[in-house]
Structure formats: C-alpha cells, structure tokens
> 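Structure in structure tokens, see below.
Index from 1, following the sequence. FYI, side chains are in, hydrogens and waters are out, and symmetry mates aren't considered; it's all heavy atoms of this structure.
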Amino acid sequence: MKVVVMGAGVIGSTTAYMLTKAGLDVIVIDRRDRPGMETSFANGGLMNPSDSSPWNSPGTMKNLGNMLFDANSPLKIKPRAVPSMIGWSLKFFANSRTRVHKANMIANIRLARLSLETLRAIRAEEGLTYDQTVRGTMRMFPPQGRMSEFLQMCREMEEWGVVLEKLDKAQILEKEPCVAPVIDRYAGAVLFPDDESGDAHKFTKEIARVAQACGAKFLMDTEVLDIKRGSATKISHIHTTKGEIQADAFVLSLGSYSPNLSSRLGIHLPIIPVKGYSITVPLNGWQGGPTRPIMDDGLHAMITPMGDRLRLGGRAEFAGYDTTVDIKEGMRVLDDGFRMLPELKAHVNADSVLNWSGLRPMTPGGPPVIGPTRYSNLFLNTGHGPLGWTMACGSARIITDYITEGHLTSEAVAPEDYAL
C-alpha cells in the first residue's frame, strides 16, 4: 500500500516513520529542503502533558481583552489578521465554557500521554538523541499570581494521570538553584516530574533519517499545489511542483497551511496560524542554567535547556501567515529570560543568538484534527497548536491505526475527540 504524507515537520515525519514501520510504502512531500524547517525548527521544546489546558480557559478569558491591548502583553493581535479570525473567534469563545473546556483539556491530556508513552518506546528502540531532558518541568508563580487557581485545575488533570508536586521557595531552590537571585519574585511552584523536553528539530531530522533507512522516501523542495479527486468519495492524486503523485492513501499534515488545500475539497478546517517567537542562546560552556524547563507564569515565559544551548520562548501573536521575525518581539523574549535568570546576561553574545518565529496551527477548542474525512483515502493529522511536539508520536500512532486497521487499536484516546 502506497501512502503520501504531505508535510515533513515533526507531525508528518513521525507519521511517515510509523507508517513505514507498519510495512507501508511511504512518500513524504515538503516544500523545504530538509525535514523540520518550519514550525518544528525552533519551538519551545516542551513535551508536556501538564500544559494540556487550552488557551481559552474561563479564567484566562476574563483577562483576554486587557492582554490584547497591552503593549507588553505576551499575546497580541495584528489588525490585518482580524477579518480571517471572526468565525474562528466565535468558536474559540464558545469553547471557553467550563464544561466544554474541561472536555477539551481531557482530550489533550489523553493524546499527550499516549504520545509520550509512544515516544519513549521509539526512543528506546531506535536509540534517538535530540538534546532531551527527562527531569520534568517546573512552573513558578509570583505572589499575586494564579497559583491557587492553577492548582485547582491541576487536581482535575490528576484524575487523568498528570502527576504533580507543589513546591515552596526552599524546594524551588533545591530543584533549581539558578533562580536564587530572583527567588523573592515567586511564592511557589508546581513540578510535573513526568514531562520531558528536547529539540524538536533534531528529533524530526532523526525520525526522518530512521524512516528513510526503513524505506520511506522524502521528496523535498516540492510544494503540494492541489489535492485531486478521482470521485466524490476518493482522492486520486496530488499535484505538486514536480508533477503528479498517485497513492492509495493520503495524509494531510501541513500545519497552518492545511486549510488552504482542504478547503478546495469542501473540507473547511477550523485552523488559524498563531505566530510564536523563540530565542536560542549558545552557552559556550556555561553551566549555570536550569536542569529542566522552567516557566514563569506571571511573565508567560519559559527557558528550556537543550544540551549546550538554552531555548527561550513565551510570546504569541495573531498575525495571519506573516512569518517575519520581529526583532523587538524576540528581544522581549530575551529580556523575559534575563528576568528569570539574571546571570544569563553575562554569558550572552547578542550576535550569536538565534531569533526565530513560526506558526502554530490552532483549533478553536484546543485538540487537533486527526482521522478520516469524507474521502475514503484522505486522512487529517493537523491543528496541534502549541502541542505539536508533545502530541506528534501519539497522533502518528492514531493515523497509522486508521490506515492499517480502519479503526483505533488503543483505548487510551477517544476518536471522536479529534474528529472534524
């Protein structure tokens, strides 16, 4: 059976690996020259089921208006993006109702936990290394922050397998002495010991390499221009910049760009791009940083160790399909990092940092869109928002089940949670 996977990011490349391991003939199509060169290139690096609460939580919604009009807010909307957001925004607000939000959070947790379990099995089997850490993640809260509210939400997540530990100041310093200079900024923290982190780009390159060694073909520098119907219920081929490609099944994993192709088939995906920023700092031998990802809930900022580098992130922007790197926003990310880790400033050469931005494919509810479509041989694996790296392996497992078995074989997730 021949399968075409459209997209060679972390989602598409991992899907290709799983399908190839299942014995299928796989071709991956991507417009870039190497796998993982767009949203997977320099994301936050977190693989954290603990962050499964969608952005439109009832508590967050109360402050959303103030955030959007604050010049220093970590979340912004560019005026040019507003027209394309209207319909999506109505669904976003509808999904903020307590009951709906909780259901979406549970769907995210279930998929994230399946994904982490699958990742660990792949890592053990293939011997993959990607600057991973397996020491959990730590979220720190300012004295006037929302720690009590957050812990209440965490108790709900505990019911679905998310493990956590509440930390006081002394315990924060025991875990991460690097925050000692600013410890008075925090009232406490929550540690999630089962979370992991790593370089999504390195992982994508590795999983693509292994997939190719198992027989998958990666057709790079090739853009998918259209998906062609053979009938009202079946796809016949795709049209690319290098010609037509036929297959028995097709998987659409183009992230924020998936709706541009699916809409031509009458499939209207509720996905819009949300721009994210990151800064990558070479450490040049300095070992005074954190040993696990740390997050400042007040700043909405994070620092992730990646071997001999630190990855800093935490800002988001509704800006349509604009991928331009805004130097000022990148510098704000870096400044937030300095506030969390003042000693870092003495070890940063501004000319050597990587200032990056990429597009997160966001659904209005939070869970991604994974599964079959009205076309018997077209499958969707897209819309993972900020959790693409967290959910990649689980999503690939689901798609592989659908294509090889016709249904899910795992009871860890409910297929309707990710259906269009």
> I'd like to know if Asp184 pairs up with Lys169 as an ion pair, taking the criterion as any Lys NZ or Arg NE/NH1/NH2 lying under 4.0 Å from an Asp or Glu carboxylate oxygen.
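Salt bridge: yes.
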> Please round to the nearest 0.5 Å and tell me the distance separating atom CG of Leu408 and atom CG of Asp401.
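Separation between the atoms: 5.5 Å.
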> Please check if the side chain of Asn104 supplies one atom and the backbone of Gly366 the other of a donor-acceptor pair under 3.5 Å.
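Absent.
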> Could you tell me whether Glu196 and Arg120 have a side-chain N and a carboxylate O separated by less than 4.0 Å?
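Result for this pair is yes, salt bridge flagged.
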> Between Glu317 and Arg360, does at least one N-O distance fall below 4.0 Å, as a salt bridge requires?
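Judged by the 4.0 Å cut-off on N to carboxylate O distance, Glu317 and Arg360 do not form a salt bridge.
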> Charged N to carboxylate O under 4.0 angstrom, Arg32 versus Asp221?
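Answer for the salt bridge query: no.
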> What distance separates Thr291 OG1 from Glu176 CD, expressed to the nearest 0.5 Å?
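It is 3.5 Å, given to the nearest 0.5 Å.
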> Parallel, tilted or perpendicular, judged at 30° and 60°: which one describes the rings of Trp55 and Phe318?
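Because their plane-to-plane angle is over 60°, the rings of Trp55 and Phe318 count as perpendicular.
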> Can you give me every donor-acceptor pair (side chain of residues 384-400, partner residue at least two apart or in another chain, under 3.5 Å) with its distance?
{"from": "His384", "atom 1": "NE2", "to": "Asn381", "atom 2": "OD1", "distance (Å)": "3.4"}
{"from": "His384", "atom 1": "NE2", "to": "Ser395", "atom 2": "OG", "distance (Å)": "2.9"}
{"from": "Trp389", "atom 1": "NE1", "to": "Gly45", "atom 2": "O", "distance (Å)": "3.4"}
{"from": "Trp389", "atom 1": "NE1", "to": "Gly198", "atom 2": "O", "distance (Å)": "3.1"}
{"from": "Thr390", "atom 1": "OG1", "to": "Leu46", "atom 2": "O", "distance (Å)": "3.2"}
{"from": "Thr390", "atom 1": "OG1", "to": "Asn48", "atom 2": "N", "distance (Å)": "3.1"}
{"from": "Thr390", "atom 1": "OG1", "to": "Asn48", "atom 2": "OD1", "distance (Å)": "3.4"}
{"from": "Ser395", "atom 1": "OG", "to": "Met391", "atom 2": "O", "distance (Å)": "2.8"}
{"from": "Arg397", "atom 1": "NH1", "to": "Glu117", "atom 2": "OE2", "distance (Å)": "3.4"}
{"from": "Arg397", "atom 1": "NH1", "to": "Thr118", "atom 2": "OG1", "distance (Å)": "3.1"}
{"from": "Thr400", "atom 1": "OG1", "to": "Ala396", "atom 2": "O", "distance (Å)": "2.8"}

> With a 4.0 Å cut-off, would you call Asp199 and Arg309 a salt bridge?
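Salt bridge between Asp199 and Arg309, a charged N being under 4.0 Å from a carboxylate O: yes.
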> Find out whether Ile403 and Val251 are in side-chain contact, i.e. whether some heavy atom of one side chain is under 4.5 Å from a heavy atom of the other.
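Side chain of Ile403 against side chain of Val251, heavy atoms only: contact under 4.5 Å found.
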> Indicate, with yes or no, if the rings of Phe150 and Phe141 have centres closer together than 6.0 Å.
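Between Phe150 and Phe141, the centre distance is under 6.0 Å.
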> Hey, is Arg139 close enough to Asp296 for a salt bridge, meaning N to O under 4.0 Å?
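No, Arg139 and Asp296 are not salt-bridged.
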